[in-house]
Amino acid sequence: MRTMKASLLLILVVSLVAALSVGCSKKTENTEETGANQAAPTPIDQSTVATITGKVSYTGTKPTPKVIHMDTEPACAAANSGPVYTQELEVNSNNTLKDVFVAVTDGANNYTFAVPSTAVTIDQKGCRYHPHVLGLMAGQTLQIENSDHTTHNIHPMPKDNPEWNTSMPQGSQPLEKKFGRSELLIPVKCNVHPWMKAYIGVTKNPFFAVTGDDGSFEIKGLPPGTYTLTAFQEKLGQQTMQVTVGAKETKTADFTFKGE
Amino acid sequence: MSEAIHEAHVHHPPKGFIRKYIFSLDHKVIGIQYYFLALFSVLVGITLSLLFRMHLAWPNASWDFMGKLFPTGMPGGLMTPEFYLSMVTMHGTLMVFFVLTTAPQGGFGNYILPIQIGAEDMAFPVLNMLSFWVTFVALVVMMMSLFAVGGAPLSGWTAYPPLSALGSISGPGEGLGQTLWVISLAIFCVGSMLGALNFITTTLNLRAKGMTLMRMPLTVWAWFTTSILGLLAFPVLLAGGILLLLDRVGGTSFFIPAGLVVNEQLVHHNGGSPLLWQHLFWFFGHPEVYIAILPGMGVTSQLLATFARKPVFGYKAMVSAILGIGFLGFFVWGHHMFVSGMSPFSAVAFSLLTLSIGVPSAIKTFNWLGTLWKGKIQFKTPMLFAIGFVSLFVTGGVSGIFLGQTGLDLYLHDTYFVLAHFHLIMGVAAIFGIFGATYYWFPKMFGRMMSETWGKVHFWLTFVGVYCIFFPMHIMGIAGHPRRYSDPSNFKYLAGMSTYHQFITIATFITAAAQFIFLINLFWSLWKGKKAEDNPWHATTLEWTIPSPPPHDNFGGKVPVVYRGAYEYSVPGAKQDFIMQNSPEEV
Amino acid sequence: MGLAIALVLLLLCVASVFLFSGHYGWFPPLVSTFTDYDKQFTLTLIVVAVVFILAQLALGLFVWRYRDRGNNQAKHIEGNNTFEWVWTSLTFVIFIGLGILGQRMWADLHFTEPPADAMVVEVTAQQFQWNFRYSGPDGQFGHTDPKYVDESALNFIGLDPHDPAGKDDIMTMNRMVVPVNQPVKVILHSKDVTHSFFVPWFRIKQDAVPGMTITIHFTATKTGEYEIPCAELCGLGHYKMRGVLDVVTPQEFQDWLKKQATGQ
């Protein structure tokens, strides 16, 4: 009987250890993807770098913005003072487009760039993402904040990076995440508030910008060369343009998107 | 003169440790293995329930130390809703499958049934070993699911598709975690089917001479009927599980209809039906309720008779009631689906069948009361749990009269009223059956007595505790509190619920703490308990005719002969107030 | 010990009577024409309470009365067929009787067609939001297709922008507005997983199942703001899936419709 009892304990312990070890080994796989390549950055002569500036224009009928009625979620409604409009196509007063992501998608592949140590922040505030479109480099930290008095969940739906989906109850500590591979653009949704959407551009290089209230952008620090510049608009798609810049040159690259 | 001795039949135990204790063919060892598997699962299950109960009582509280333990589920000490739902899902799954299905049947059934019918082992010892180890593998996979990348599944123990079929776009934990969950369940079905087959054959073929069907203890009737339910119900869940797995990983569309847009993404499936899963699941799921509770009913009858020193009142009615419940149990699954979109006409039929299953349940209750009537009740710990079982069975049963009515279910479906109902009847009552069985058969299984004092303390804390936990849930359900809400405070009409939640949580912690008394009693008594006699309770069934613990082949080569029914207590004119089943005594 | 059990069971009965009759947490007020529900619930509650209290008290009484007192003797009783027949038939009649009575409301909801002049509201559930649609002046719902779903532009149900019938459709998220005393027919859809449309004040609940079209109907009898919880586990935000149901006067309803039609 004594051996029998001992064996019972043994079975219990073995099963516990087996279950836990399986669990733990799974967990170690869960470690986040570390940054892309950690190779030393290619030296760039800062005295020769060029700049590309431009504007993203819009032609066609101006869409009437739709109001998002958040009143059934008091925490959302209270955080916004006025009406909140949809952001899928924001036309500025000067007929330019806001929140267009512009990035160098080709021409800089021979360089290696240091991943910035600073984090890029996205905030969930008034049941919207701030900013609506943002860029960061592969391996750079994305800090996600929740300023709302409600639970959000942040759910990026990438194609080349692992998908994740995490809730952030009110009062949560900021969440830190990284995307290991470049990907343009990753849609981000809040499943609790289906109207909430953001786009994240993950780039291989630091040459990207997002247009603002005047529809303009500026990309600085380019080594002389020929680049492919791509502009992404969530509804209207993407446009590309070849731009060659010489040393210390500033070139203009304007895009025009056509609406319906 | 009472027992024919066939020396040739004495079986000697295997010598090696592994064959003797790990891959054992001995039904007694396998029974104990099942019991400890259930014990491990119940500890995990209770721990999970403590976690989500904490959250329900204080949804906005932050526990820093918990944040360190669960960095993804409770970042900074705040519990995320997906973590809450994962805990709920795994709690339900572990409790229903790995506790309520294994301990009463695989545990006690395995250990006691062959002895009670006078057999030296199960009919198929190798199959018996296999069914345990298959179940063990299922548990390991289930634990993997708990720790899977992306979280444990959150679609509840019922795993309704499309939520459970769509993969990680439908939520965290719905990726690898849910896949492992389905695989584990399929494996579990195989193990349970093998076990059921074995129990049925053993009961039909290996009864000792004189052990006619109507002399079998009610425990044997219960285990036998449970096995029939298992044999017919588990294949259906297995089929459902395989189809669900194929939907998840094989690109099929059994449960996923066309045209779904999940998270703004089009789903490329076509032609499936979410209701198909619900039918398959509940075709299994309702008999499963009886798989959990029938052995407890059998044990209760046995204990009430033993400790009231009276025969079971209406033995034949009890047997008919067990069979009736088992039979009707297959025709009532639709009552889980009144509001599912199923044809409202079939709902009417399911409703009336459901209410008629209350009749055999009422017969059992009346007969238990009849058994106590004019008895001489000894309040040993197992008896306390049997009395507790009757009380909980009544309380949990009567709420079924509300839920079985199509009309009333319109409001009560999926509210806390349902939680109260099934926790009391298939959860706590079944657990009381397990506790009663543990205190009752522990001396036989391990040759030592458990502490009576601590057993009674355990009973009182648990009995009062479970009522404090589950009784208020009726009221919460009537107030319209839906199940599986990680925080009801989003709804104005549920504002009054937080007091109830806090009360229940405190009661849960006290009741859970009381279970440590049981655990310590169990393990302490294994080594230090008072030596048990062969028949410490002065009971009549065959397991009490042999030494405690029994030898390898149970009867030491002496095949018992049975002369009478299972519950010959206080027979007028007899020498003692009980007559063993193998006693040829004429009265 | 027997006395202790008897007292605890007595306490249980007293506590349950107290809890259930004191209404410490009870149904929200009934505000629909579905009044049979509360009657049937009360009837069932009374029957069940009698069964429950009798059984618990008998249990308590027996364990106390027939405890081992050292000198008493258990009576060898194997059963009594008359008793068995009596309680079997009695419970059968009571349970089945309640079950048959309970079908009345079921028939009201499922076997009775809503009146021809019922207002139609289409409900499309999704993780974790209720989308409501009114057909607008033309009385016709526009065509929908999953490919048109565009949530950040608030086209949650995939309304076809090219279908003229859909131009005047009124779509709201999480807010349903209906006139008081007006029969309303609700067409339930789900676009992702199974949800359940529950209005506690109306005593109705119906799952919204993907791939199925299910209709129910109700008539609200009192103006006010009510809530629509989701009652079928639909994912992490299940507990936050809150719809608001405004029952308003017919005039207010017309004003609301006009306001919606102008867009803002």
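So you know, we letter chains A, B, ... as the sequences are listed, proteins then strands, and number each from 1.
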- Task: Identify which part of C:F202 has an atom lying under 4.5 Å from any heavy atom of chain B, answering side chain, backbone, both or neither.
- Result: neither
- Sidechain-backbone polar pair: C:Q127 side chain, B:V262 backbone, donor-acceptor under 3.5 Å: no
- Portion of B:L412 that has a non-hydrogen atom of chain C nearer than 4.5 angstrom: both
- Task: Side chain from CB out, backbone as N, CA, C, O: work out which of these in C:L233 comes under 4.5 Å of a heavy atom of chain B, or both, or neither.
- Result: both
- Item | C:H110 side, atom NE2; B:F345 side, atom CZ - distance, nearest 0.5 Å | 10.5 Å
- Query: Side chain of B:E264, backbone of C:E151: donor and acceptor closer than 3.5 Å?
  - Reply: yes
- Query: Which region of B:L266, side chain (C-beta onward) or backbone (N, CA, C, O), has a non-hydrogen atom less than 4.5 Å from a non-hydrogen atom of chain C, or is it both or neither?
  - Reply: side chain
- Item | Heavy-atom donor-acceptor pair, C:W106 side chain to B:P344 backbone, under 3.5 Å | yes
- Message: Does any backbone or side-chain atom of C:E78 lie under 4.5 Å from a heavy atom of chain B? Answer side chain, backbone, both or neither.
- Response: both
- Task: Report yes or no: does C:Q206 contribute a side-chain atom to a donor-acceptor pair with the main-chain N or O of B:V339 at less than 3.5 Å?
- Result: yes
- Hey, what's the ring geometry for C:F83 with B:W373, parallel, tilted or perpendicular (30° and 60° as the breaks)? tilted
- Toward chain B, the part of C:Y226 with a non-hydrogen atom under 4.5 Å: neither
- Under 4.5 Å from a heavy atom of chain B, the part of C:Q129 involved: neither
- Query: Using 30° and 60° as the class limits, which term best fits the ring planes of B:Y411 and C:Y37: parallel, tilted or perpendicular?
  - Reply: tilted
- Message: Between B:W460 and chain C, with a heavy-atom cut-off of 4.5 Å, which part of the residue counts as in contact: side chain, backbone, both or neither?
- Response: side chain
- Message: Under 6.0 Å between ring centres: does that hold for B:Y485 and C:H238?
- Response: yes
- Task: Hey, can you tell me if B:H474 and C:F20 have their rings parallel, tilted or perpendicular (30° and 60° cut-offs)?
- Result: tilted
- What part of B:V267 lies closer than 4.5 angstrom to a heavy atom of chain C: side chain, backbone, both or neither? neither
- B:P360 versus chain C, the contacting section by heavy-atom distance below 4.5 Å: neither
- Let me know if B:Y160 has heavy atoms under 4.5 Å from chain C in its side chain, its backbone, both or neither. side chain
- Query: B:P257 versus chain C, heavy atoms under 4.5 Å apart: side chain, backbone, both or neither?
  - Reply: side chain
- Non-hydrogen atoms of chain C under 4.5 Å away: do they reach the side chain of B:L352, the backbone, both or neither? both
- Query: Has the side chain of C:E227 got a donor or acceptor atom that lies under 3.5 Å from a matching backbone atom of B:K492?
  - Reply: yes
- Query: Got B:S391 and C:L12 here, is their nearest side-chain heavy-atom distance under 4.5 Å?
  - Reply: yes
- Query: With a 4.5 angstrom heavy-atom cut-off, which part of B:T395 approaches chain C: side chain, backbone, both or neither?
  - Reply: both
- Query: So, C:H76 side chain and B:Y569 main chain: donor-acceptor pair closer than 3.5 Å or not?
  - Reply: yes
- Note on the structure: If one checks every heavy atom of B:Y493 against chain C at 4.5 Å, the contacting part turns out to be both
- Structural part of B:F338 lying under 4.5 Å from a heavy atom of chain C: both
- Task: Let me know if C:F41 has heavy atoms under 4.5 Å from chain B in its side chain, its backbone, both or neither.
- Result: both
- Region of B:A308 in contact with chain C, defined by heavy-atom distances below 4.5 Å: backbone
- Message: When you measure from the side chain of B:K310 to the backbone of C:I77, do you find a donor-acceptor pair of N or O atoms at a distance under 3.5 Å?
- Response: no
- Query: Salt bridge or not for B:K316 and C:E84, using N-O below 4.0 Å?
  - Reply: no
